[in-house]
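Quantities reported herein were computed from a predicted structural model and do not represent experimental measurements.
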Amino acid sequence: VQLQASGGGLVQAGGSLRLACVASGSILQIADMGWYRQAPGKQRNLVARISRGGSMYYEDSVRGRFTISRDNAKKTIYLQMNGLKPEDTAVYYCHAPSIMLRSSEIETDVWGRGTQVTVSS
């Protein structure tokens, strides 16, 4: 099982980016999925999370600017980031706490490799 994140880049303050994270492998079902970010010298923190049914959570600093969504059929989540600020600069990681495989096994704590987002002032 792999999570592959894409869509990062360099953008000016006020700009937008859309991240995508695709899950691949012999997957039956994924429950919650989320986006985390880690700035240099700082902890990795949760940015947004979405349940299989579409319930969403946002960290306070991104609420109203970022939108998380998912396409269950494509095993993909997205993070639309608008109104980007320099303090949003970080490596963004997608995460799934648990993934049910077709073998009925469960993979836990699955992380993608991360995609760099840099916001210039």
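Looking only at side-chain heavy atoms (C-beta outward), Thr115 and Ser6 stay at 4.5 Å or farther from each other. Within the 4.5 Å cutoff, the side chain of Leu79 has no heavy atoms near those of the Thr67 side chain.
At most 12 non-hydrogen atoms from other residues, nucleotides or ligands lie less than 6.0 angstrom from CD of Gln2. More than 12 heavy atoms of other residues, nucleotides or ligands lie within 6.0 Å of CZ in Arg52, so this atom counts as buried by the packing criterion. Counting heavy atoms of neighbouring residues, nucleotides and ligands inside a 6.0 Å radius, atom CD of Gln4 does not exceed 12 of them.
At a threshold of 4.5 Å between side-chain heavy atoms, the hydrophobic network of Ile, Leu, Val, Met, Phe, Trp and Tyr places Val22 and Tyr36 in two separate groups. With hydrophobic clusters built from ILVMFWY side chains whose heavy atoms lie under 4.5 angstrom apart, Met33 shares a cluster with Ile27. A continuous path of Ile, Leu, Val, Met, Phe, Trp and Tyr side chains, each step under 4.5 Å between heavy atoms, connects Val110 with Ile30, placing both in one hydrophobic cluster.
In this structure, OG in Ser55 is found 8.0 Å from CD1 in Ile50, a value given to the nearest 0.5 Å. We find the CG-CE distance between Leu17 and Met81 to be 4.5 Å, quoted to the nearest 0.5 Å.
The side-chain tip of Arg49 points at the ring of Tyr57 from less than 6.0 angstrom away and within 45° of straight on.
Put simply, the side chain of Arg18 never gets that close to the backbone of Tyr78: no donor and acceptor are under 3.5 Å apart. Side chain of Gln43 to main chain of Asn45: no donor-acceptor pair is present (N/O by atom type, distance under 3.5 Å, no hydrogens or angles). A donor-acceptor pair is defined here as one N or O able to donate and one able to accept, closer than 3.5 Å; no such pair exists between the side chain of Thr118 and the backbone of Thr89. A donor-acceptor pair is defined here as one N or O able to donate and one able to accept, closer than 3.5 Å; no such pair exists between the side chain of Arg44 and the backbone of Gln38. Side-chain atoms of Ser103 do not come within 3.5 Å of backbone N or O of Leu101 as any donor-acceptor pair.
In this structure, the ring of Trp35 has its center no less than 6.0 angstrom from the ring center of Phe66.
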Only distances under 3.5 Å count here; give the side-chain donor-acceptor pairs of residues 90-100 to other protein atoms, sequence neighbours excluded, each with its distance to 0.1 Å.
unit_1, atom_1, unit_2, atom_2, d
Tyr92, OH, Arg37, NH1, 2.9
Tyr92, OH, Asp88, O, 2.6
His95, NE2, Asp109, OD1, 2.7

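Nearest heavy-atom pair across Leu3 and Cys21 is CB-SG, 3.8 Å. Here the closest non-hydrogen pair linking Gly34 and Ile77 is O-CD1, 3.8 Å. Scanning all heavy atoms of the two residues, the minimum distance from Asn82 to Gln80 falls at OD1-NE2, 2.9 Å.
Counted by atom type alone, Asp32 and Ser51 present zero donor-acceptor pairs between their side chains at under 3.5 Å.
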Run the side chain to side chain contact (heavy atoms under 4.5 Å, CB included) check on Val47 and Tyr58 step by step: do they pass? CA-CA 6 Å; Val47 175; Tyr58 295 97; over 6 Å; no
